[in-house]
Structures are given as C-alpha cells and as structure tokens.
Amino acid sequence: QVRLVESGGGLVQPGESLTLSCVASGLTLDHYTIGWFRQAPGKEREGVSCFDSSDGRAYSADSVKGRFAISRDSAKNAVYLQMNSLKPEDTGVYYCAVDLYNLVVVTSTTCGDRFASWGQGTQVTVSS
C-alpha cells in the first residue's frame, strides 16, 4: 500500500528554520512528481512547492520563494521541505503529496491540485 509519513512539524519562533520530512513506502519517489501543500486556519489549501522528476520543472509560491526549498533523497525514499526565515503567516498544516497517475502539470504558476496520494499532515506553528 502507498503510504506517506510526515514528520518535523512543531512550534517555532519567527525567523527560525524547520525541515519537514515525508518518507514514502509502496512506491519509489524518483518516479513521480512530488509536492508540498499547506492549509492555514480558515483558508483554502495552497500549493507551496512542487517538483516534476521527469523534467526538473518546479514551482514555488511567491510567498515562500527564497525561503523554502523542496528536495528528494533517493536513498531514503523521502522528500523534504526546508523552511527558513519562518513567518507567522507560514502557520498551517503541511501535507506532502505524490502524483501517482501523471495527472499533475507543474508550471511556473501552479502545482495543480490533482495529486492522488497524500500524507496525514503535520502542524507548523510560527509564533512568538
């Protein structure tokens, strides 16, 4: 069975850094488009950063450019979201996702929202 297990969330102060991890089982991440999404309280889920393994095409939301970075570790079959200079508005539940059926088209302006496999989510709270 496909399973995505996230970890790394927690409470941090503004300006600090945090790295989220998503370890996959039942699939090899190198073969798929991967992404990170977040949902703040009372707001819609939004794409944060996505990566298409087939051609290297990537997307990052304007609000996180220069601060967040998505990466993959093939040996560990894991995807990471490196978050630097965290702000209170970064608070939310963060989800990793995998495009199992090749439905997602990553462009310079969107991750898309048709990822078929999702993690359970991990809470990130940025507060003084």
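All values below come from the heavy atoms of this structure, side chains included, with hydrogens, waters and symmetry mates left out.
Rounding to the nearest 0.5 angstrom, the gap separating the CG atom in Leu27 from the CG atom in Leu4 is 6.5 Å. To the nearest 0.5 Å, atoms CG (Leu81) and OG (Ser60) are separated by 9.0 Å.
Contact of the Ile34 side chain with the Leu29 side chain is registered, since non-hydrogen atoms from C-beta on lie closer than 4.5 Å. By the 4.5 Å heavy-atom criterion applied to side chains, Gln123 and Tyr94 are not counted as neighbours. The shortest side-chain heavy-atom distance between Ser7 and Leu20 does not fall under the 4.5 Å cut-off. At least one side-chain heavy atom of Arg57 sits under 4.5 Å from a side-chain heavy atom of Val105. Considering only heavy atoms from C-beta on, Arg67 comes within 4.5 Å of Asp90 through its side chain. Contact of the Pro88 side chain with the Pro14 side chain is registered, since non-hydrogen atoms from C-beta on lie closer than 4.5 Å. Considering only heavy atoms from C-beta on, Gln13 stays 4.5 Å or farther from Leu86 through its side chain. Counting only heavy atoms from C-beta outward, the side chains of Phe51 and Val79 never approach each other to under 4.5 Å.
The cluster map of Ile, Leu, Val, Met, Phe, Trp and Tyr, joined by side-chain heavy atoms under 4.5 Å apart, puts Val2 and Val23 in different clusters.
Under the side-chain hydrogen bond (donor to acceptor under 3.5 Å, both in side chains) criterion, Lys65 pairs with Asp62, sequence neighbours left out. Shown here are the side-chain contact (heavy atoms from CB on, under 4.5 Å) partners of Val5, two or more places apart in sequence or in another chain: Arg3. Checked against side-chain contact (heavy atoms from CB on, under 4.5 Å), Thr19 has the following partners two or more places apart in sequence or in another chain: Tyr80, Gln82. Remark: Ser54 engages Asp52 in a side-chain contact (heavy atoms from CB on, under 4.5 Å) (not counting sequence neighbours). With sequence neighbours left out, the salt bridge (charged side-chain N to carboxylate O under 4.0 Å, His left out) criterion links Arg114 to no other residue. Qualifying side-chain hydrogen bond (donor to acceptor under 3.5 Å, both in side chains) partners for Thr28, counting only residues two or more places apart in sequence or in other chains: none. Considering only residues two or more places apart in sequence or on other chains, Thr107 meets the side-chain hydrogen bond (donor to acceptor under 3.5 Å, both in side chains) condition with Thr109.
Using modelled atom types and a 3.5 Å distance limit, the side chains of Thr91 and Glu89 yield no donor-acceptor pair.
Applying the 4.5 Å side-chain rule to ILVMFWY residues, one finds that Leu11 remains a lone member of its cluster. Other cluster members for Val106: Phe37, Tyr59, Val93, Tyr95, Val104, Phe115, Trp118, joined by side-chain heavy-atom distances under 4.5 Å among Ile, Leu, Val, Met, Phe, Trp and Tyr.
In this structure a side-chain-to-backbone donor-acceptor pair under 3.5 Å is missing from Ser17 to Asn84. Counting only distance, with no hydrogens or angles, the side chain of Asn77 and the backbone of Ala24 share a donor-acceptor pair below 3.5 Å.
The disulfide bond (SG atoms under 2.5 Å apart) pairs that include a residue from residues 99-128 are Cys50-Cys111, where partners are two or more places apart or lie in different chains. Pairs of residues two or more places apart, or lying in two chains, that qualify as salt bridge (charged side-chain N to carboxylate O under 4.0 Å, His left out) and include a residue from residues 5-32 are Asp30-Arg72.
Considering all non-hydrogen atoms of both residues, Leu18 and Gly10 come closest at CD2-N, 4.2 Å. Looking at every heavy atom in both residues, Tyr32 comes nearest to Asp99 through CD2-O, 3.2 Å.
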Donor-acceptor pairs are to be reported for all side-chain atoms of residues 39-48 against protein atoms at under 3.5 Å, with residues two or more places apart or in another chain.
unit_1, atom_1, unit_2, atom_2, d
Gln39, NE2, Lys43, O, 3.1
Glu46, OE2, Arg38, NE, 2.8
Glu46, OE2, Arg38, NH2, 3.3

